[in-house]
Amino acid sequence: MTRILSRPFDMRAALSLSQSGFMPPVARALAARGIKSADDLEQSWRGMIPPASLEGTREAAERLAAAREKGEHVTIVADYDCDGATACVVALRGLRMLGIRADYFVPDRVLHGSGLTPRVFDIVAARTPKPDLILTVDNGVSSVAAVERANELGIDVVVTDHHLPGAELPRAACIVNPNLSTSAFPSKALAGVGVVYYVLLALRALLRERGIFTQATQPRLDNLVDFVALGTVADVVKLDKNNRILVSQGLSRIRSGRTHPGISALFSIAGKDMIKASARDFGFAIGPRINAAGRIGTMENGIECLLCDDPLEALRLAQSLNDINAERRELEGEMQQAAEAEIARLSTESLAAVTLFNECFNEGVVGLVAARIKEHIHRPVIAFARTESGELKGSGRSIPGIHLRDMLDLVAKQLPDIVLRFGGHAMAAGLSIRPEGLARFAETFEAVVRANCDPAAFEHVVLTDGSLAPDEITERLCTEIDAQIWGQGFEAPLFANEFSVLNQTLLKDAHLKLSLMLGRQRFDAIYFRRREPIPQTAKLAYRPAINEFRGRRSVQLVVEAVEGA
């Protein structure tokens with residue numbers, strides 16, 4: 001059952017924001033997200049937390065500076081998602097700009113499995129040239145055995161990561177991670193690409209101190225911020241003030257035509273206008289095309305597209321990513337049907353958690369299936385696929401109030417003979433289990449979630465920013481909303497009203513197209529991924545957006561929820 005409620009907000013802050021020029025609905029929404037004044041919406045570089053504030057950046061900079069001085073070779077080892085790909089590109093371009101020899105290696109999801117293993121570092125050590133230093137990006141904080149193997153091989157490791165650490169830290173030359181228990185860095189939400197960007201800024205500062213560069217001669221690392229912005233949004237990390245600055249700066253470069261050929265090509269292939277680039281484009285158009293490479297191909301395709309400096313070659317690589325993404329969508333659709341058939345056989349209302357497995361599931365796509373099913377049933381969901389080695393590899397998505405990684409930790413303690421490895425965050429996590437233990441895992445996962453979570457978490461509550469008067473739903477409102485950087489943890493405004501439903505039709509057998517009446521005004525609306533009709537009078541949560549069709553601009557309501565569904 002879905003309930004639509006209004007977010008509480010600071011009335012004094014909302015009034016102050018209104019007096020600063022914001023429309024009252026936007027002022028309310030900003031106040032509800034902790035914004036006190038227009039200063040809190042700072043989007044210039046001067047508002048960014050200084051790189052020296054992130055523990056470990058100085059040590060990492062010193063080790064990289066030593067590699068520069070000695071002419072050592074650095075191999076970047078990246079994760080195989082969009083955050084990992086952009087982090088790899090930022091690191092590789094940045095190190096080379098700063099005079100350090102570097103190449104990269106990205107593990108294959110199928111060939112090498114999850115995470116960094118000793119085998120991965122054996123492969124890296126056997127490359128030519130053999131690295132003197134390994135720099136991990138968006139991974140490594142839990143790779144105790146892999147780093148130990150590198151130490152045995154005489155290779156130093158600098159870990160840059162943002163994932164939650166395990167009970168034991170790897171014996172690396174240094175670790176840069178804002179989520180270490182010893183870190184006081186204010187922005188715990190830095191993505192992997194943000195962490196390595198901070199390391200590069202610290203390295204450049206150190207090289208200035210040593211007289212290698214001056215303010216005038218130093219490389220322009222701000223040229224890399226379009227990659228930082230893309231990876232930050234695509235990894236769905238919280239867009240706190242620091243991340244909003246990075247994203248805003250990246251979008252500014254793209255809108256002004258100063259982006260890299262790979263990103264430009266991806267915007268073109270996706271049919272998106274760079275002049276109007278938004279964080280939403282990163283999350284729903286550009287990021288998925290890069291992620292697809294890591295899901296059903298090799299992430300080298302995505303990295304090479306972002307590294308490419310030739311516009312025509314970048315366009316060819318972007319088209320390849322687009323083709324892979326189309327294949328991913330088709331595969332996901334088949335898996336989704338199988339998952340929905342399984343869900344139809346379950347009484348999900350009586351369950352606290354759901355475990356899914358089907359022989360047709362692909363290990364690179366199960367996370368997307370888990371996310372869709374989670375949205376539908378509002379329960380934590382883990383979907384498993386069989387790997388070539390015979391293990392079951394799962395990807396899970398959770399709901400607010402249920403910390404998925406913590407739940408898996410409790411399950412692993414009860415089933416040490418079944419859970420081989422796991423890791424992740426509150427809302428998303430991954431793991432591998434022995435196939436013969438699937439039934440026991442599902443039973444234990446359900447019991448652990450039920451025993452450790454407030455039953456209220458299972459009620460689907462949609463928080464909105466209150467109602468709008470019909471004359472407030474305007475293009476001006478949409479434009480003012482679009483002027484801000486919205487995303488995870490700083491969600492775009494969502495409003496709620498009770499509407500009369502004049503007409504509803506099914507579009508492409510997948511989406512509801514609606515005609516709604518509010519007061520005496522009529523509005524077009526779309527409810528994506530909903531096939532079931534809604535009542536003739538319904539309370540809807542929606543966001544107003546500008547719809548452009550055949551040169552005509554109009555306000556369309558994008559419906560997110562219907563109360564009681």
Side-chain angles (χ1 to χ4, degrees), residues 79-81 107-120 139-149 161 163-170 179 295 335 339 342 346 351-359 361-371 373-374 379-399 401-453 457:
D79 199 9
Y80 41 62
D81 63 2
D108 183 287
R109 187 190 294 266
V110 174
L111 292 178
H112 306 124
S114 303
L116 297 184
T117 62
R119 180 186 168 209
V120 167
N139 57 20
V141 76
S142 299
S143 306
V144 176
V147 173
E148 197 57 47
R149 178 58 180 154
D161 201 351
H163 294 95
L164 295 173
E168 181 184 358
L169 292 175
N179 286 300
R295 292 186 186 282
M335 292 168 57
E342 178 65 22
L346 299 173
L351 294 175
V354 171
T355 301
L356 298 172
F357 168 71
N358 190 292
E359 290 291 354
F361 285 1
N362 177 285
E363 65 178 279
V365 187
V366 283
L368 300 177
V369 172
I373 297 298
K374 180 266 296 185
R379 296 288 188 276
V381 176
I382 294 180
F384 283 97
R386 193 180 301 278
T387 68
E388 289 188 357
S389 67
E391 295 175 1
L392 295 187
K393 184 175 179 181
S395 185
R397 300 293 185 271
S398 194
I399 59 178
I402 299 178
H403 195 297
L404 190 55
R405 185 195 176 280
D406 288 354
M407 296 301 103
L408 291 180
D409 188 33
L410 294 172
V411 172
K413 286 181 169 63
Q414 293 188 36
L415 302 176
D417 56 327
I418 291 175
V419 178
L420 301 173
R421 50 194 169 271
F422 70 93
H425 303 289
M427 301 299 286
L431 74 159
S432 294
I433 66 171
R434 299 188 189 281
E436 63 272 17
L438 178 63
R440 283 181 63 200
F441 173 87
E443 179 183 323
T444 306
F445 181 45
E446 158 75 18
V448 162
V449 172
R450 184 175 298 280
N452 290 278
C453 297

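Hydrogens, waters and symmetry mates play no part in the numbers below; they use all other heavy atoms, side chains included.
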Give, for atom CG of L420 and atom OG of S432, the distance between the pair rounded to the nearest 0.5 Å. 6.5 Å

Run L404 and F445 through side-chain contact (heavy atoms from CB on, under 4.5 Å) and show every step you take. CA-CA 10 Å; L404 190 55; F445 181 45; 3.9 Å; yes

Less than 4.5 Å apart, side chain to side chain, heavy atoms only: is that true for M335 and N362? yes

At their closest point, which heavy atom of S395 faces which heavy atom of G367, and how far apart are they? OG-CA, 3.2 Å

Return all side-chain donor-acceptor pairs below 3.5 angstrom for residues 382-391, not counting sequence neighbours, or 'none' if the list is empty.
| unit_1 | atom_1 | unit_2 | atom_2 | d |
| --- | --- | --- | --- | --- |
| R386 | NE | E359 | OE1 | 3.3 |
| R386 | NE | E359 | OE2 | 3.2 |
| R386 | NH2 | E359 | OE2 | 2.7 |
| T387 | OG1 | S389 | N | 3.4 |
| T387 | OG1 | S389 | OG | 2.9 |
| T387 | OG1 | E391 | N | 3.3 |
| T387 | OG1 | E391 | O | 3.2 |
| E391 | OE1 | R421 | NH2 | 2.8 |

Taking side chain to side chain donor-acceptor pair (under 3.5 Å) as the definition, give me every residue that meets it alongside S398, ordered by chain and number, with sequence neighbours left out. none

Those residues at least two apart in sequence (or on a different chain) that pass side chain to side chain donor-acceptor pair (under 3.5 Å) with H163 are D161

What residue pairs, at least two apart or across chains, pass salt bridge (Lys or Arg N to Asp or Glu O under 4.0 Å) with a residue in residues 425-440? D417-R440

Residues in side-chain contact (heavy atoms from CB on, under 4.5 Å) with V448, at least two apart? M407, L410, V411, Q414, T444, N452

Return the set of residues passing side-chain contact (heavy atoms from CB on, under 4.5 Å) with D409 (not counting sequence neighbours), or none when no residue passes. K413, F422

Kindly indicate whether the side chain of K393, heavy atoms from C-beta on, has any atom under 4.5 Å from the side chain of V366. no

Tell me the closest heavy-atom pair linking A353 and V449, and the distance in Å. CB-CG2, 3.9 Å

Closest non-hydrogen atom pair, I399 against P380: CD1-CD, 4.2 Å

Going by the rule side chain to side chain donor-acceptor pair (under 3.5 Å), which residues pair with R295 if we only count those two or more places apart in sequence or in a different chain? none

E342: partners by salt bridge (Lys or Arg N to Asp or Glu O under 4.0 Å), with sequence neighbours left out: R345

Worked check of side-chain contact (heavy atoms from CB on, under 4.5 Å) between L408 and V419: CA-CA 9 Å; L408 291 180; V419 178; over 6 Å; no

At what distance, to the nearest 0.5 angstrom, does CD1 of I373 lie from CZ of R397? 12.5 Å

Of the non-hydrogen atoms in G166 and S142, which two are nearest, and what is the gap between them? N-OG, 3.9 Å

As an exercise, state the distance from OG1 of T355 to CD of E443, rounded to the nearest 0.5 Å. 10.5 Å

Residues at least two apart in sequence or cross-chain that pass side-chain contact (heavy atoms from CB on, under 4.5 Å) with H403, listed by chain then number, are L164, R405, D406, A426

By ring-ring contact (aromatic ring centres under 6.0 Å, His included) - contacts of F361 (at least two apart): none

side-chain contact (heavy atoms from CB on, under 4.5 Å) involving R379 - partner list, sequence neighbours excluded: E349, I377, F458

Quick one: closest heavy-atom pair of L116 and S143, and the distance? CB-OG, 3.3 Å

